[in-house]
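I have placed the structure first, in the form of C-alpha cells, so that the comments after it can refer back to it.
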Amino acid sequence: MDLAGLLKSQFLCHLVFCYVFIASGLIVNTIQLFTLLLWPINKQLYRRINCRLSYCISSQLVMLLEWWSGTECVIHTDPQAYPKFGKENAIVVLNHKFEIDFLCGWSLAERFGVLGGSKVLAKKELAYVPIIGWMWYFTEMVFCTRKWEHDRKTVAKGLLRLRDYPEKYFFLIHCEGTRFTEKKHQISMQVAQAKGLPGLKHHLLPRTKGFAITVRGLRDVVSAVYDCTLNFRNNENPTLLGVLNGKKYHADLYVRRIPLEEVPEDGDECAAWLHKLYQEKDALQEEYCRTGTFPGTPMVPPRRPWALLNWLFWASLLLCPFVRFLVSMVSSGSSLTLASFVLVLFVASMGVRWMIGVTEIDKGSAYGDTDSKQKQND
C-alpha cells in the first residue's frame, strides 16, 4: 500500500469526513427550515434555493466516490442519446445489487449537472433521518410506505407536485425494492414461478406498481426512461467502507434511453413492459459476465469540480474552529476534559461504524415477507 492509500485508510481521516458531513448537514437542514417561509410567497424560488442547499449535502458523498476513492465509471450508451443526458427530465431505472449503486446513480446525476434537483422514491421512514432524510423532505422527495392502498394516493400526490418543478432532474428508482442477495433471489424466483413469469438470474423480480404510478404521474413532464444496468470489473464487490478507505473501483454502466411514449399507459401493460425490461437487463448482465463489457459506445463524462469545491468550502469553514476547540481541551490538562474528549472520539467512532453498517447488503430490507403474502397482488 502506498503512502496515499495508507493515509486514506486512517480513522482520523474518516472522522474528519464524518464531522464535516454531520456539521454542515445540520447547518444546511437549519437553513432549509427557514426557507419554508418562502413557500407561500414564492414557491419556485424556495425550490431553486433548496436544490442548491441539497447539493451541499449530497455532493459530499459523490466527492468521496469520485475524488477521494477515484472510482471510475464508464458509460456505455448510444452516441445519439448522450447529448440529451442532463438536458431533460428522466426516470432512471437502476439495478440494486451493490452497496454503492445508489452512489453511482448520484454520480451519474452529478456528471450531467442535475444532482441538486434529482429525486428518489424512498421509504417514508427515511424522512425522519437527520441530514439526508430531512434534506429529502425539504426537496420534495416522494416517500412510500410499501402499502399499496396508502401509497396509491400519497405517491400520486407527491408526483403531482413535481409536475411544475423548475429544475431538471433524474427520478431514480430501484424497481427491485431491495438489494440483491441469494436468499432474496430464491424467494423472488418463487414469486415469479407462482405468477408464471420468466426467471431472472441477476435481478430480483421488479415491483411494478411503483414504476407504473411514477410513469403515470410524470408523463408529459419526463421525456424518457433511462434503463441503467451497473456492474464492476474483475468481480469487484464495492462497499461504502471501501470508498471511505480510498479504494478505487472500476464501474461500467449501460444506459439506454427509452422515450416515454414507448412505455404503455395501461397499468397491466406497463407491468408487462417492466418485466420484459428486466429480462433484457438480465441478458445484459449475463453478457457482461461472459465478455467483461456492455454493448454501446464507451464514454467517460468529465468530473465536475463543484463537489470537491463544496467539500473544501465546508471543511475550511468547520475544521479550524473544531481544531482550536480540541487543542484547548487537550491543553487544559484536566482529567475530566481529557476523559470527555476520549468519550467524544469513541461516540464518533461508533457513529461512523453505524453509518457504514446500515448500508450493508445483509441489513437491507427483507424480501418476501410481504411478497409471499401478496404475490398475486403486484
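Heads up: numbering here begins at 1 and tracks the sequence.
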Exercise. Is the charged tip of Lys124 near the ring of Phe143: under 6.0 Å from the six-membered ring centre and within 45° of its axis?
Worked result: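 Negative - Lys124 is either too far from the ring of Phe143 or too far off its axis.
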For this session: May I ask you to check if Lys281 and Tyr278 form a cation-pi contact, with NZ or CZ under 6.0 angstrom from the six-membered ring centre and within 45° of the axis?
Result: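 Ring-cation test returns yes.
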With rounding to the nearest 0.5 Å, note down the distance linking [atom1] in [X] to [atom2] in [Y].
X: Phe180; Y: His203; atom1: CZ; atom2: NE2; value: 8.5 Å
X: Tyr46; Y: Thr139; atom1: OH; atom2: OG1; value: 7.5 Å
X: Ser58; Y: Ile131; atom1: OG; atom2: CD1; value: 12.5 Å

Where [X] and [Y] come nearest, the two heavy atoms and their spacing:
X: Leu244; Y: Trp68; result: O-NE1, 2.9 Å
X: Asn95; Y: Glu176; result: CA-OE2, 3.4 Å
X: Pro238; Y: Glu99; result: O-CB, 3.8 Å

Looking at [X] and [Y], does any basic side-chain N land under 4.0 Å from a carboxylate oxygen?
X: Glu88; Y: Arg257; value: yes
X: Glu280; Y: Lys276; value: yes
X: Arg233; Y: Glu236; value: no
X: Glu66; Y: Arg111; value: yes
X: Asp164; Y: Arg47; value: yes

Exercise. How are the rings of Tyr254 and Phe294 set relative to one another: parallel (under 30°), tilted (30 to 60°) or perpendicular (over 60°)?
Worked result: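 If you compare the ring of Tyr254 with that of Phe294, the planes turn out tilted.
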For this session: Classify the ring geometry between Tyr82 and Phe112 as parallel (under 30°), tilted (30 to 60°) or perpendicular (over 60°).
Result: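 Tyr82 and Phe112: perpendicular rings.
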Problem set entry | Thr145: which of Asp151, Thr154, Val155 passes side chain to side chain contact (heavy atoms under 4.5 Å, CB included) |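 Among the candidates, only Asp151 passes.
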For this session: Run through Leu200, Val93, Leu277 and flag the one making a side chain to side chain contact (heavy atoms under 4.5 Å, CB included) with Pro206.
Result: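 By the side chain to side chain contact (heavy atoms under 4.5 Å, CB included) criterion, Pro206 pairs with just one of Leu200, Val93, Leu277: Leu200.
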For this session: Please determine which of Arg48, Lys119, Glu140 meets the side-chain hydrogen bond (donor to acceptor under 3.5 Å, both in side chains) test together with Tyr165.
Result: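 Among Arg48, Lys119, Glu140, the one that satisfies the side-chain hydrogen bond (donor to acceptor under 3.5 Å, both in side chains) with Tyr165 is Lys119.
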Under 3.5 Å: donor-acceptor pair, side chain of [X], backbone of [Y]:
X: Ser188; Y: Leu205; value: yes
X: Asp282; Y: Lys201; value: yes
X: Thr35; Y: Gln32; value: yes

Given the side-chain rings of [X] and [Y], with only the six-membered ring counted for Trp, is the space between their centroids under 6.0 Å?
X: Tyr137; Y: Tyr128; answer: no
X: Trp134; Y: Phe138; answer: no
X: Trp314; Y: Phe21; answer: no

For this session: Check whether more than 12 heavy atoms from other residues, nucleotides or ligands sit under 6.0 Å from atom CH2 of Trp306, and answer yes or no.
Result: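 No, not enclosed.
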